[in-house]
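Report on the structure given below.
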Amino acid sequence: KAGVTQTPRYLIKTRGQQVTLSCSPISGHRSVSWYQQTPGQGLQFLFEYFSETQRNKGNFPGRFSGRQFSNSRSEMNVSTLELGDSALYLCASSRLNLGTGELFFGEGSRLTVL
Amino acid sequence: KQEVTQIPAALSVPEGENLVLNCSFTDSAIYNLQWFRQDPGKGLTSLLLIQSSQREQTSGRLNASLDKSSGRSTLYIAASQPGDSATYLCAVPTQGGSEKLVFGKGTKLTVNP
């Protein structure tokens, strides 16, 4: 059974550009959440989707957005990139529809902003 | 506001030693607690999930305990091996019905051969 798949694994952007990251959850999982990991702040919650609806959003500026498709795949977008957006972006999926279940993470997308 | 703390931040032990990693949380009204492992530059691997009604969970050489009333969880690793070297993170949901987790900063474990 394939795990959570994130693409791309690595990318380099310059300030002001935008980036789109993709996440395919484990087959049968309908809940997808995104996290940002930096050395200084650790892991911080970005957003959570279930059945194409955003259920929760973390404390990030509006430059960070996401969506979920009918096949449960999810994308997140960061516009007008800043140096501080350099981070490992992790996607997680869960089997339980109503949350509080076990989360399974992908390998992450490492974003470097120059 | 839920806060999760992990002490120590780093731990170095010789191979074969049994060890305990600690995790504490400020709001005891949790639905579950999950322990993860993260290797450098990699994603998180789920190790154990303890539901709020459980006291402990075991998987191989790993045993996690949960004491909601005191806001503590421990991860016990028996007979440590160099391959156990990684950062260990604990996390709790901020509320029921949500996958919004609050993470500790982790404990970086080094097991020396």
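Here is how names work: the chains are called A, B, and so on, in the same order as the sequence lines, proteins then strands, and each is numbered from 1.
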Open item on the list: In this structure, would Trp35(B) and Val102(B) fall into the same cluster of hydrophobic residues linked by side-chain contacts under 4.5 Å?
Closed with: yes
Turns out that what part of Leu89(B) lies under 4.5 Å from chain A's heavy atoms comes down to side chain
Using the rule that two of Ile, Leu, Val, Met, Phe, Trp, Tyr join whenever any of their side-chain heavy atoms come within less than 4.5 Å, decide whether Leu66(B) and Val92(B) are in one cluster. yes
- request: List the steps and the verdict of side-chain contact (heavy atoms from CB on, under 4.5 Å) for Leu43(A) and Leu44(B).
  value: CA-CA 11 Å; Leu43(A) 276 150; Leu44(B) 276 62; 3.9 Å; yes
Whatever's closer than 4.5 Å to a heavy atom in chain B on Phe47(A) counts as neither
The interface call for Leu103(A) against chain B, heavy-atom contacts under 4.5 Å, is both
Taking only distance into account, with no hydrogens and no angle test, what donor-acceptor pairs under 3.5 Å do side-chain atoms of residues 8-20 of chain B form with protein atoms, sequence neighbours excluded?
unit_1, atom_1, unit_2, atom_2, d
Ser12(B), OG, Asn112(B), ND2, 2.8
Asn18(B), OD1, Ala79(B), N, 2.7
Asn18(B), ND2, Tyr76(B), OH, 3.4

Item to complete: Report yes or no: do Trp34(A) and Val113(A) belong to one cluster of Ile/Leu/Val/Met/Phe/Trp/Tyr joined by side chain heavy-atom distances under 4.5 Å?
Response: yes
Just wondering, more than 12 heavy atoms not from Arg72(B) lying within 6.0 Å of its CZ?
no
When rounded to the nearest 0.5 Å, the distance separating CD of Glu48(A) from NZ of Lys100(B) is 9.5 Å
* Cluster question for you: counting only ILVMFWY and a side-chain heavy-atom cut-off of under 4.5 Å, with indirect links fine, are Leu101(B) and Met76(A) together? -> no
Sub-6.0 Å ring centroid separation between Phe103(B) and Phe45(A): no
Do Lys42(B) and Leu88(A) make a side-chain contact, defined as non-hydrogen atoms from C-beta onward lying under 4.5 Å apart?
no
Under 4.5 Å to a heavy atom of chain B? For Gln44(A) that would be neither
If you count the non-hydrogen atoms of other residues, nucleotides and ligands that lie under 6.0 Å from NZ in Lys68(B), is the total more than 12?
yes
Correct closest heavy-atom pair for Lys105(B) and Gly40(A) would be NZ-O, 3.6 Å
State yes or no: do Ile30(B) and Ile50(B) share one hydrophobic cluster built from I, L, V, M, F, W and Y residues joined by side-chain heavy-atom distances below 4.5 Å, directly or via other members?
yes
Determine whether Asn56(A) and Thr94(B) make a side-chain contact, defined as any pair of heavy atoms from C-beta on separated by less than 4.5 Å. no
Among residues 12-22 of chain A, those lying within the under-4.5 Å heavy-atom range of chain B are none
